[in-house]
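Positions are given from 1, in the same order as the sequence printed here.
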Amino acid sequence: MANLAAEVAALRAGADLEALPRPFGPPLGTADLRVLMSDFAVLEERGAPFAETGEHLYLRVRKCGQNTRWVAQQLAAFAGLPYKAVSYAGLKDRHAVTEQWFSLHLPGQAGPDWNAFALPDVTVVAARRHDRKLRQGFLSYNRFSIVLRNLSAVDAGILAERLRCMAQNGVPNYFGPQRFGRDAGNLSLALRPGGWRRLPRAQRSFALSALRGALFNLYVAERVRGGSWLTGLEGDAQQSDRARGAAEQDTSVFEPRLAPAGPLWGRGNGGASGAARELEERVYGAFPAITGLLEQAGARFSRRPLIARLGELDWDHTGDQLRLQFALGPGAFATTVLHAALTARDAATIEDDSADA
């Protein structure tokens, strides 16, 4: 346990987004994020036609100030279903105005009258039938509209050049602060008496995801420092940034593209060789207690692209206010986009309920 505690303390560097390297230079200024709930809006785009028949009812839900899991629980209760009968493609930020799809397994049932579903700040805006369950990651992209307020004095031309560079190259695909919880507290869950085995299921998921995410961030940071996050290393494993749910995806904003991919640690390993494998062994080898815990807990080894591409980036810089609009593929965090340009002071309490798919 002592070794694990020491490694968790060291791993906190991977959960501190502001401390992670920026590839295009230091932050150009500071600004306030989420001063108003409406300053952060997320629209989930599914991008595939519905079968209009089948056992699954898809609901498009608009929510404000509510988290995804809680909304799923309320939908299940209203429909008289167990929670496991409701699924969604990914979590969306609580401190935001968001729209996303949920699917309910209703074989042979029409379901309740959703016009009677009354929940503060939650609205069912559409209902469609489909022949397949909505699974994690099965979306095309998330579309963000973000207002940053109290922007410090920034040269408009320099800011525009930075944003164009980000649009052209993408940004490092760091996990954002939402993955780690308030004050990165999810990293310490596995240190509680009894360890990860004694944690409730939801907290166990938070703990394992936080540990994997912080390890990945440290690896990406090494690639950014070395300049190889974009250009690649000899022996890199490659992965499509549209690997999950490909059949459900609209390619009008993002065409599938291979990118260097780093490890999300778990049981099973492989894919990289040469210089890339050597770097992976060096970074992850510094955390034997954590990597061993992840393997014991049954986490499966997978990979995540090092690059998060931006689609349709647009901005309006007026006085001390900056409005950004862009699309991100599954799994990417809007906060990492902001990190590449500015220091954004988030007025919202960080929780593990993010646009993480």
Side-chain angles (χ1 to χ4, degrees), residues 8 11-20 22 31-44 63-72 88-100 136-137 139 141-148 171-190 199 202-218 220-221 244 264 299 304-305 308 310 324 326-357:
V8 167
L11 193 59
R12 284 183 168 271
D16 184 357
L17 184 61
E18 279 304 304
L20 297 175
R22 295 169 166 89
D32 293 329
L33 174 64
R34 283 190 267 228
V35 174
L36 305 176
M37 193 78 72
S38 59
D39 287 347
F40 199 102
V42 189
L43 299 179
E44 180 182 280
K63 64 183 183 65
C64 178
Q66 308 291 355
N67 73 56
T68 299
R69 291 184 180 91
W70 184 80
V71 170
Y88 42 84
L91 302 176
K92 296 291 179 285
D93 295 78
R94 174 180 179 180
H95 299 278
V97 178
T98 72
E99 282 192 18
Q100 69 181 117
Q136 190 79 18
L139 59 97
Y141 55 89
N142 291 300
R143 191 179 296 278
F144 293 86
S145 178
I146 296 174
V147 176
L148 293 158
V171 299
N173 199 16
Y174 294 127
F175 286 98
Q178 301 96 319
R179 173 54 54 101
F180 308 110
R182 187 174 185 180
D183 298 324
N186 290 346
L187 289 176
S188 300
L189 289 173
L199 292 172
Q203 287 192 327
R204 185 184 307 173
S205 176
F206 289 165
L208 299 180
S209 295
L211 294 172
R212 277 161 50 106
L215 282 170
F216 179 83
N217 279 3
L218 289 180
V220 178
R244 290 192 299 170
L264 292 174
R304 172 180 170 91
L310 282 71
L324 292 169
F326 53 87
L328 283 175
F333 287 73
T335 45
T336 66
V337 175
L338 305 180
H339 169 262
L342 301 160
T343 295
R345 299 176 295 241
D346 199 334
T349 300
I350 294 298
E351 298 180 13
D352 192 359
D353 193 22
S354 58
D356 184 26

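For Q203, the side-chain hydrogen bond (donor to acceptor under 3.5 Å, both in side chains) test picks out R192, with sequence neighbours left out. Taking D39 as the reference, V35, L36, V147, R149 meet the side chain to side chain contact (heavy atoms under 4.5 Å, CB included) condition, with sequence neighbours excluded. Looking at residues two or more places apart in sequence or on another chain, you find a side-chain hydrogen bond (donor to acceptor under 3.5 Å, both in side chains) between S188 and R12.
Counting only heavy atoms from C-beta outward, the side chains of D32 and L148 never approach each other to under 4.5 Å. Between T336 and P172, the closest side-chain pair of non-hydrogen atoms is not below 4.5 Å. Two residues are said to be in side-chain contact when any heavy atoms from C-beta on lie closer than 4.5 Å; D93 and F40 meet this criterion. Residues R143 and V42 are not in side-chain contact: their nearest non-hydrogen atoms beyond the backbone lie 4.5 Å or more apart. Counting heavy atoms from C-beta outward, L187 and F206 have side chains that stay 4.5 Å or more apart. With contacts defined as side-chain heavy-atom distances shorter than 4.5 Å, the pair N142/L43 does not qualify. At least one side-chain heavy atom of R69 sits under 4.5 Å from a side-chain heavy atom of L91. Between L324 and F144, the closest side-chain pair of non-hydrogen atoms is not below 4.5 Å.
Remark: side-chain polar atoms of D183 are not paired, donor with acceptor, to backbone N or O of G185 under 3.5 angstrom. The main-chain N or O of N173 is found under 3.5 Å from a side-chain atom of R304 such that the two form a donor-acceptor pair. A donor-acceptor contact shorter than 3.5 Å links the side chain of Q100 to the backbone of G90. Judged by distance alone, the side chain of H95 and the main-chain N or O of M37 form no donor-acceptor pair under 3.5 Å.
G14 and N217 get closest at one heavy-atom pair: O-ND2, 2.9 Å. For E18 against L342, the heavy-atom pair with the smallest separation is OE2-O, 4.3 Å. For A15 against A184, the heavy-atom pair with the smallest separation is CB-CB, 4.0 Å. Of all the heavy atoms in V97 and C64, the pair that sits closest is CG2-SG, 3.9 Å. When every heavy atom of A13 is checked against every heavy atom of L218, the shortest pair comes out as C-CD2, 4.0 Å. Taking all atoms of both residues into account, the shortest heavy-atom contact from L199 to A207 is CD1-CB, 4.0 Å.
Checked against the 6.0 Å centroid criterion, the rings of F175 and F216 qualify as a close aromatic pair.
Applying side chain to side chain contact (heavy atoms under 4.5 Å, CB included) to I146 and the options T335, V337, L33 leaves one that passes, L33.
Taken from CZ in R94 to CD in Q178, the straight-line distance is 13.5 Å, to the nearest 0.5 Å. The distance from atom CD of E99 to atom NZ of K92, rounded to the nearest 0.5 Å, is 11.5 Å. Put simply, CG on N186 and CG on L211 are 9.0 Å apart, with the number rounded to the nearest 0.5 Å. For the atom pair CG of L310 and CZ of F326, the computed distance is 6.0 Å after rounding to the nearest 0.5 Å.
A donor-acceptor contact closer than 3.5 angstrom is absent between the side chains of T98 and E44.
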